[in-house]
Number of protein chains: 2
Amino acid sequence: MKNSRITLKDLAKDLNLSPSTISRALGNHPAISDATKKRVQKMAEELGFTPNSIASSFRKKKTQTIGVIVPRIDIHFHSLVISGIEEFAYNNGYNVTIFQSKDSLKREKEIVKILQNKMVDGVIVCLGIETKTCDHFKKINKLGIPLVFYDRVPTDFDANKIIINDFESAYLATEHLIKSGCKRIGHISGSQTTTIFKARLEGFKAALKKHHIPIEESLILFTNNLSYDEGVKCAEKYLKSDLKPDGIFCANDYTAVSVIQVFRKAEIKIPEDVAIVGFSNYPISKIIEPHLTTINDRAFQMGEAATKLLIRQIEEKDDSITSEIITLKTELIVRESSTRN
Amino acid sequence: MKNSRITLKDLAKDLNLSPSTISRALGNHPAISDATKKRVQKMAEELGFTPNSIASSFRKKKTQTIGVIVPRIDIHFHSLVISGIEEFAYNNGYNVTIFQSKDSLKREKEIVKILQNKMVDGVIVCLGIETKTCDHFKKINKLGIPLVFYDRVPTDFDANKIIINDFESAYLATEHLIKSGCKRIGHISGSQTTTIFKARLEGFKAALKKHHIPIEESLILFTNNLSYDEGVKCAEKYLKSDLKPDGIFCANDYTAVSVIQVFRKAEIKIPEDVAIVGFSNYPISKIIEPHLTTINDRAFQMGEAATKLLIRQIEEKDDSITSEIITLKTELIVRESSTRN
DNA sequence: CTGAAAGCGCTTACAG
DNA sequence: CTGAAAGCGCTTACAG
């Protein structure tokens, strides 16, 4: 509007040089003499010239932008991942444009289209809950735009994926309960259409099997979203059931917290009567009393790893389609909710 | 890389029309006949043509992008605000590029420069903690790019600001304690160099004054970041002090939660012995026992309001520099931590 | 209702 | 070491 921007051309005129030279000088091109570079840099500074990166993106067909699709930004896990993405991207000269799918397949498809048109250099995605097939992402691949999935990843096609080993993490958590002396161990699980919750259930069962502890199906409870309220309901079921658990592995921290609270109200001692382990290391796990033993799911690192892989693929010249699956190591954080003396 | 994109020109050739006509047809220009529009749309569909929005942005000098600078994405308040920004922006055809200043002034300045070069249509900012003056934002204004601040806003220049009334909210919270029968009311405050915490302290004092309750300076404690750990220390100070509070207004929910926990361990009953009120309505406020009375600080709405104002200013033709300050109405959410029968 | 032409601000292959 | 020229893919004022 007001003072229209200064362009390369303006600079060129002022310095009696060609725009080509200016462009190269500012880009630190080796063919340009140091003297010229200095003159150009100085004048650019003086006039407050800053390059129009849209023009540059357009010309180079490279936007230095990463598109990110998450179900919701306000879920702590995703906000941590995004934080990792932004951090790594920023340090490597990329910007991050975020979209929320709101778990809607329709919206996810719309966003994919926008991302193509916007010519992002790469895309990072956590699939929405409605998404069963990933055809809408194949177009992105066909355009040669690298694509990395994290957390909720496609099962129906080869792609770059950053995940944690849910099976192993659950195994670890369950084994920890066993080693703490638990004999009747329950599990609060999520929707079995979601791979990660299925894997956690399987890891749970495998640990029991390994240690010759019978799997009591009645102690395995299922929820839709692992919400706090569903956790309360599960806890009440445990209280009413004939077979009482003395240890519970919860597939996330919310349900673990609700179990702690319901049990304590019922005068059940945590961890003495029942030991509890959660999953995800949410901030609340360090605040709830007793502090919650949980699995560090490496959300921030997931964002970093996704971005690192993505940028590598963006900047690799060779066009061979490769896909990598990176599994991040999780960590069992032992706190009071499972520490028996 | 692979199949290079289809352009307007390609479409034009296929249909024996000029690129101008294709452009207008796809843009639903009134001068184009319906018949032509349909032909063009059909062919575009068939060939899978999608417009290159970088080219369009470059040509129109309009990127449909909003730049957002927050201190950190993984702070729940900001992730809620960003969620509101993304939602409103998406529904109005804008994309959101996010940056974390990490509370570093240097980085904030860098980001501002990137944003200028990226030709974003508008910018939404929550200032970093180091930022005392806003000269680096003035350039953005000079370029005619609308700018909206939220939460931590500049005090040294006129600008669009979305805030809540911290004074009034604190007044409300404190008055609620008074009405619940508290006589010796404490306050845990944040850094006094931050406007909002200063305002909360003042609102607190004003409510006491209004109700003729003496202000006991020894019951007003200061912290640097209102962290959970600092809250624990404050609670311990209260326990050791001669004058014991029977009500505490905490400037955020973390410190309120820590006070609840420390007091309960000391066998102090909440709310019977001491009533507690927090600030921000964090998820934990609904989980901690007793549930925490707090102020809903409208984070999501803040994001929406900021984006709404920003887009209005982007799309307004007239160039007169106006700046608006929008104060969102907060809400006292009364829960058990302050409910005495 | 449609088209020819210019141009947005860069970058880069080619030439010297 | 530097420059002239072409062009990225759109949009739009102008012309008919």
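Within every chain, numbering begins at 1; the chains are lettered A, B, ... in the order of the sequence lines, protein sequences first and strands thereafter.
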>> Partner lookup for D:dT2, please. Criteria are Watson-Crick or G-U wobble with both distances under 3.5 angstrom; report none if nothing qualifies.
In response: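 The answer is C:dA15, by the H-bond criterion.
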
Minimum-distance nucleotide to [X] side chain [options: [options]]:
X     : options               : answer
B:R59 : C:dT11, D:dC10, C:dG3 : D:dC10
A:S56 : D:dG9, C:dC10, D:dC1  : C:dC10
B:S18 : C:dC10, D:dT2, C:dG3  : C:dG3

>> Distance to the ring centre below 6.0 angstrom and angle to the axis at most 45 degrees; does that hold for A:K138 and A:F157?
In response: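 Yes.
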
>> Against the six-membered ring of A:F99, is A:R107 placed for a cation-pi contact (under 6.0 Å from the centre, within 45° of the normal)?
In response: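 Output no; distance or angle outside limits.
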
Measure from [atom1] on [X] to [atom2] on [N] and round the result to the nearest Å.
X     : N      : atom1 : atom2 : value
A:L15 : D:dT2  : CG    : P     : 12 Å
A:R5  : C:dG9  : CZ    : P     : 9 Å
B:K13 : C:dA4  : NZ    : P     : 13 Å
A:L8  : C:dG7  : CG    : C1'   : 16 Å
A:I32 : D:dG3  : CD1   : C1'   : 10 Å
B:F58 : C:dT11 : CZ    : C1'   : 11 Å
A:I54 : C:dG9  : CD1   : C1'   : 11 Å

>> Please tell me if B:S33 has a side-chain N or O lying less than 4.0 Å from either OP1 or OP2 of C:dC1.
In response: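 So the side-chain polar atoms of B:S33 never come under 4.0 Å of the phosphate oxygens OP1 or OP2 of C:dC1.
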
Interface polar pairs with nucleotides 14-16 of chain C, N/O, under 3.5 angstrom:
none

> B:A55 or B:T21: which one's nearest nucleotide on DNA chain C is closer to the 5' end?
Replying inline: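 Here B:T21 is the residue nearer the 5' end.
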
>> Go nucleotide by nucleotide along DNA chain C from the 5' end; which of B:P19 and B:D34 gets its closest nucleotide reached first?
In response: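 By nearest-heavy-atom nucleotide position, the 5'-most residue is B:D34.
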
>> Please classify the nucleic acid contact of A:K61 as base, sugar-phosphate, or nothing, using heavy-atom distances under 4.0 Å.
In response: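 Result for A:K61 = sugar-phosphate.
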
